[in-house]
Amino acid sequence: MILSPDMLAFLVAAALMAGCIDAMAGGGGLITLPALMAAGIPPVQAVATNKLQSCFGTFGACVAYARRGHMDLKTYKGPVIAAFIGSVGGAWLLQRVDPSILAGLMPALLIAMAAYFTFSPKLGETDRHARVGIAGLSGLIGMIGFYDGFFGPGAGAFYTTIFLALGGLSILRATAQTKAANFASNIAGLLTMLAGGHVIWVAGLAMALGSLVGGQIGSHLAMRFGSRLIKPLVVVMSLALTAKMLLDPENPIHLYLFG
């Protein structure tokens with residue numbers, strides 16, 4: 001598929017903005033997937049290409065958080081591995097079924113997540129007591145990994161909510177661990193889609209540059225401002241993604257719910 005220079009510039013700008021937002025709160029797919037589809041790329045190829053560019057942004061954010069000591073891969077390697085395995089399954093299934101099968105659940109989950117971040121008084125800068133062990137956490141993260149490989153938008157915000165609400169992590173450490181899980185599910189989804197030949201390389205690599213720069217900007221902003229910035233962004237992105245899903249007549253969720 002041949003894209004004009006103007007369209008490539010548009011995709012790079014979208015990826016930069018998405019990478020910045022994704023590093024802080026998740027939900028960057030709300031920007032990049034519609035941008036890819038606006039460029040005329042079919043849905044499955046758009047998801048695959050989005051995985052390519054997202055890998056660069058999440059990897060860059062991982063490096064930034066790890067350098068500042070906010071990421072603990074030794075303790076949380078189980079959830080990261082589970083995200084990888086779940087994403088392989090989701091990406092494999094995406095190439096064989098209609099994504100709208102799971103679409104009906106998404107608006108309710110996103111609204112519940114926004115409500116949690118809005119009304120929970122315990123979101124702060126320090127860790128709390130975990131409500132589930134690593135095994136339970138890995139199972140839940142694996143389910144989100146499956147969703148990320150299968151569909152994608154909002155997966156980062158779901159990861160963050162699980163690490164916060166059930167893992168007991170501070171909002172900054174939850175965001176850092178989210179980037180590790182998100183990178184694992186992105187790379188797993190990408191490798192699975194590559195086997196199916198669905199990646200549009202020119203668009204994906206161009207967007208990767210914007211995503212990498214945006215991920216660095218977003219991660220440094222999150223580390224500087226912490227919950228003051230992350231919490232409202234998660235709420236806004238969750239509600240915006242819900243509105244997009246419900247109001248866009250081309251979105252699989254809209255088609256699933258309203259026909």
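Predicted model, so just to flag it, every value in this text is computed and none were measured.
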Rounded distance (nearest 0.5 Å) linking atom CG of L212 with atom CZ of F59: 9.0 Å
NE2-CD1 distance between H198 and I41, expressed to the nearest 0.5 angstrom: 13.5 Å
Geometric class of the Y65/H70 ring pair [parallel <30°, tilted 30-60°, perpendicular >60°]: perpendicular
pair V47-M193: side-chain heavy atoms closer than 4.5 Å: yes
Closest heavy-atom pair and its distance - A35, A14: CB-CB, 3.9 Å
Minimal non-hydrogen separation, L36 against A46, with atom names: CD1-O, 3.4 Å
Transitive ILVMFWY side-chain link L169 to I141, under 4.5 Å: yes
Check: R68 side chain, A64 main-chain N or O, donor-acceptor pair, under 3.5 Å: no
Chi angles and distances behind the side chain to side chain contact (heavy atoms under 4.5 Å, CB included) call for F146, L93: CA-CA 9 Å; F146 179 88; L93 189 62; 3.6 Å; yes
Closest non-hydrogen atom pair between L3 and L8, with its separation: CD1-CD2, 3.9 Å
Same apolar cluster (I L V M F W Y, side chains within < 4.5 Å links), V213/V63: no
Side chain Q53, main chain A15, donor-acceptor under 3.5 Å: no
Hydrophobic cluster membership, Y76 vs M143, 4.5 Å side-chain cutoff: yes
Co-membership, hydrophobic cluster, residues M207 and L209, 4.5 Å side-chain: no
Heavy-atom neighbours of F56 CZ exceed 12 at 6.0 Å: no
Distance in Å, L16 CG paired with L11 CG, rounded so as to fall on 0.5 Å steps: 12.5 Å
Test item: side-chain donor near acceptor, S87 and D148, under 3.5 Å: no
Separation of L191 CG from F84 CZ (nearest 0.5 Å): 5.5 Å
Rounded distance [0.5 Å steps], NE2 in H220 versus SG in C20: 11.0 Å
I134 and K77: CA distance, side-chain angles, deciding distance, side chain to side chain contact (heavy atoms under 4.5 Å, CB included) verdict: CA-CA 9 Å; I134 291 295; K77 63 182 178 182; over 6 Å; no
I187 with L205, same ILVMFWY side-chain cluster at under 4.5 Å: yes
Closest non-hydrogen atom pair, F163 against P79: CZ-CB, 4.2 Å
Gap separating the CE atom of M17 from the CD1 atom of I217, nearest 0.5 angstrom: 11.0 Å
Heavy-atom closest contact (T178 atom, G156 atom, distance): CG2-O, 3.3 Å
The single option from L140, I144, L164 passing side chain to side chain contact (heavy atoms under 4.5 Å, CB included) against Y159: I144
Test item: T49 side-chain N/O and I200 main-chain N/O as donor-acceptor pair under 3.5 Å: yes
Polar contact flag, side-chain donor to acceptor under 3.5 angstrom, T160-T175: no
Verdict with reasoning, L73 to M71, per side chain to side chain contact (heavy atoms under 4.5 Å, CB included): CA-CA 6 Å; L73 291 178; M71 190 177 293; 3.9 Å; yes
Heavy-atom donor-acceptor pair, S211 side chain to G57 backbone, under 3.5 Å: yes
Side-chain donor/acceptor of T75 to backbone N/O of D72, under 3.5 Å: no
G60 backbone acceptor or donor facing Q216 side chain under 3.5 Å: yes
Closest contact, heavy atoms only, V132 versus L137: CG2-N, 3.9 Å
